[in-house]
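Accompanying notes for the structure given below.
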Amino acid sequence: MDVSSVLESLNEVQREAVAAPTGNLLVLAGAGSGKTRVLVHRIAWYIQTGQTNPYGILAVTFTNKAAAEMRSRIEVLLQKPAGGMWVGTFHGLAHRLLRAHWQEAGLPENFQILDSDDQSRIIKRVIRSMSLDESQYSPREIQWFINSQKDEGLRPQNIETHGDPEKQLLVKIYQAYQSLCDRSGLVDFTELLLRAHELFRDQEQVLEIYQQRFRHLLVDEFQDTNALQYAWLRILAGQNGSLFAVGDDDQSIYSWRGALVENMQRFQRDFDGCTLLRLEQNYRSSANILKAANTLIANNSSRLGKELWTDDEEGEKIDLYLAYNEHDEARFVVDRVATAKINGNYYCDHAILYRVGAQSRVLEEQIMQAGIPYRVFGGMRFYERAEIKDALAYLRLSVFIDDDASFERIVNTPTRGIGQRTLEELRNRARQDNISLWQSAVQTIQDKTVPERALNALERFLKLIAELRPDLKDIELGEVMDVVIKNSGLIDHFRKEKGEKGLARIENLDELVVAASEFDADKEEYGDMDPLSAFLSHAALESGDTQADSYTDYVSLMTLHSAKGLEFENVFIVGLEEGLFPHQRSSGDLLQLEEERRLCYVGITRAKVKLSLTYTQHRRLHGAEYYPQPSRFIGELPVEVLSEVRLGSSSGLSMFTSNENTSKSDTGLNLGQRVNHLKFGEGIVLNLEGKGSNARVQINFKETGSKWLVLAYANLQTEF
DNA sequence: TATCCGACCTTTTTT
DNA sequence: AGGTCGGATA
């Protein structure tokens, strides 16, 4: 094999990283600097120099999409399947370990995976069963508490409460939640990681197997690792393993879900002989775009430090558009996209990025009106849909009767006369005897401790599930799914739902049958699990990211967060306003503000050719009116790369005024304008009405709040 | 058991 | 504004 081919087409630093001697290496890789490329080539280098075969390599990422892309790029480079290599997400790999070592990990063979919705339902139940006030102990907060404890590697008994009764109670809830999960063989997402870590920590012989095997560990997006993931990598690497980590501290935007940028510094301390390389040459964006990105991010402190550069030319300036309101903003963007299309560009080279999901609606309205195909990313995923989870719950229960989450979900869906009273009885018994709801139901039927009518209903339910079971073994997966959906009565149930909704649900259920029949359990991923169990795991771990159809041309709408890792010729970032971006909830805290700035940096660096930024004078959000100040991030960009867009009266402006009926009297004032009043001081124009001597103006004064004034007497100063 | 009403919330997302 | 959720009601 010609080793040099792996190094061809790499720049000097990339080559240095790829061909570095085996050992611990941290690659600080800027946006668009070819970071995944380096990682993939590093793997090929290991193999082609004979340092290891695929069997000795473990490469880990955060999303299934990234993992799939990595694997396929490796295989392209090697020109053969990379069998035996472990490539996957932290959760996927942890899952694989736990399936292989379920006994050592103290799990039932058929353990089921809880997604966060399942988890939150269980937590609600636990709170209720402890007769706590739900309004005082919000399930959300408790879920957050439990997950962050687990992220820290903490079990209830390890948590120091310092006698704080509040915390003691939280720990008690955590405990109760965990024992419910344990007795019903349920593993939440974080638990996958925690158990996998404990497996390594406590089972020396297991750890040894994997330490021997995986001498070469590689991590992408290292800045996104949390404490537990870091600990897992560290224990697996041991003394003899080597870790190749690629990341960018400037793109760390997930601290709010436990990601620790500090892991990049820690890595250099904790891992022997760690070297640091910087990939700073950018192959994506024009010089102007990079200049904007570099200048912006330089406002952050405590960076590892790096500055992107490019051989590319200066390129176009960055457009900056001040819109009247969010409709005008949307119209501006859509107009630009439409024009680009007419000029021979593709829709799919365009992305519209926003800070919060709620901003997509107005954009969608405009883009729909223009008849432009688009896709909104994010939101409900396929396997998260209620009807899909219902159907899967039938399956899960049939393969693993102790799965309480599924039992609860479907015991009375569709309604079959098993009401709250009966359920309460089942739950109590389950808790008292530390058994699953299914076992509890069996005993309840034996002891006849509920009314006859409920008893019969319960019996019918158990029989329904039990009858599914023998059928499932022999027939093909799609057929299994079909039988489940038909026998469960879900179709009839949703048919009764009025409107489009029920219809859509039934279509989704059809789609589920297709998904099941097309599912092909990868032996590497799922070992010798039976196909049905493998499919259920798959459904839990891959929430069904709908693959972008490559043959349709559409504009992408997404949050800045979901844009990370992507690139587009043409990028619009909308809503650059104080309070929105940076978001209100981040603006009080310096660290959070810096994360917002990194988010902006991520957004800017998505653009290859053209970047446009917009903000508004007036925005309606959550039913309230805002007259926001321009985002500080605009002010942090170098003026020389910006170009302010002023529309002639023929385009956006006239459309705006005619459509919105906000044409104001000719007062010489604009909405959002700053004015000064002799008595009330400084304020901002909120509204105008009437004409001539009747004209009135509403002003939000800094000191005294909002007031209506007759313009003729107000004697406002507009320049000060 | 279905449906309606009002209280409540609303940053970002993956697994 | 718009969606979700839980409780009250028919």
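So that the names make sense, note that chain A is the first sequence line, chain B the second, and so on, each numbered from 1. Any value given below was found using the heavy atoms of this structure, including those in side chains, with hydrogens, waters and symmetry copies removed.
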- Query: Toward the 5' end of DNA chain B, which comes first, A:Arg585 or A:Asn412, by nearest nucleotide?
  - Reply: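 Upstream on the strand: A:Asn412.
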Can you measure [X] atom [atom1] to [N] atom [atom2] for me and round it to whole angstrom units?
X        : N      : atom1 : atom2 : answer
A:Gln112 : B:dT15 : CD    : C1'   : 16 Å
A:Tyr354 : B:dT13 : OH    : P     : 9 Å
A:Phe62  : B:dT12 : CZ    : P     : 20 Å
A:Met380 : C:dT4  : CE    : P     : 8 Å
A:Arg257 : B:dT12 : CZ    : P     : 13 Å
A:Glu384 : C:dT4  : CD    : C1'   : 16 Å
A:Lys564 : B:dT15 : NZ    : P     : 12 Å

Give [X] one of three labels, base, sugar-phosphate or nothing, depending on what nucleic acid heavy atoms sit under 4.0 Å from its own.
X        : result
A:Gly419 : nothing
A:Asp224 : nothing
A:Gly378 : nothing
A:Tyr254 : sugar-phosphate

- Side chains of A:His95 and A:Arg99, donor plus acceptor under 3.5 Å: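 A:His95 vs A:Arg99: donor-acceptor pair found between side chains.
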Is the phosphate of [N] approached by [X] (side-chain N or O, under 4.0 Å from OP1 or OP2)?
X        : N      : result
A:Arg381 : B:dT13 : no
A:Thr190 : B:dT15 : no
A:Arg361 : C:dG3  : no
A:Thr89  : B:dT14 : no
A:Ser562 : B:dT13 : yes
A:Asn64  : B:dT15 : yes

- Task: Might you work through the side-chain contact (heavy atoms from CB on, under 4.5 Å) test for A:Ser631 and A:Tyr615, ending with a clear yes or no?
- Result: CA-CA 8 Å; A:Ser631 169; A:Tyr615 60 116; over 6 Å; no
- Query: Side chains of A:Leu512 and A:Tyr383: closer than 4.5 Å at any heavy-atom pair?
  - Reply: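 Answer yes - side chains close enough.
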- Task: Ignoring hydrogens and angles, answer whether the base of B:dT15 and the side-chain atoms of A:Ser116 contain a donor-acceptor pair closer than 3.5 Å.
- Result: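 Pair found.
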- Query: Are the side chain of A:Arg606 and the backbone N or O of A:Val602 linked by a donor-acceptor pair below 3.5 Å?
  - Reply: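 Indeed, once roles are kept as given, a pair shorter than 3.5 Å links the two residues.
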- For side-chain contact (heavy atoms from CB on, under 4.5 Å), just list the numbers for A:Ile173 and A:Phe145, CA-CA rounded to whole Å, side-chain angles, deciding distance to a tenth of an Å, and then say yes or no. CA-CA 10 Å; A:Ile173 300 171; A:Phe145 173 80; over 6 Å; no
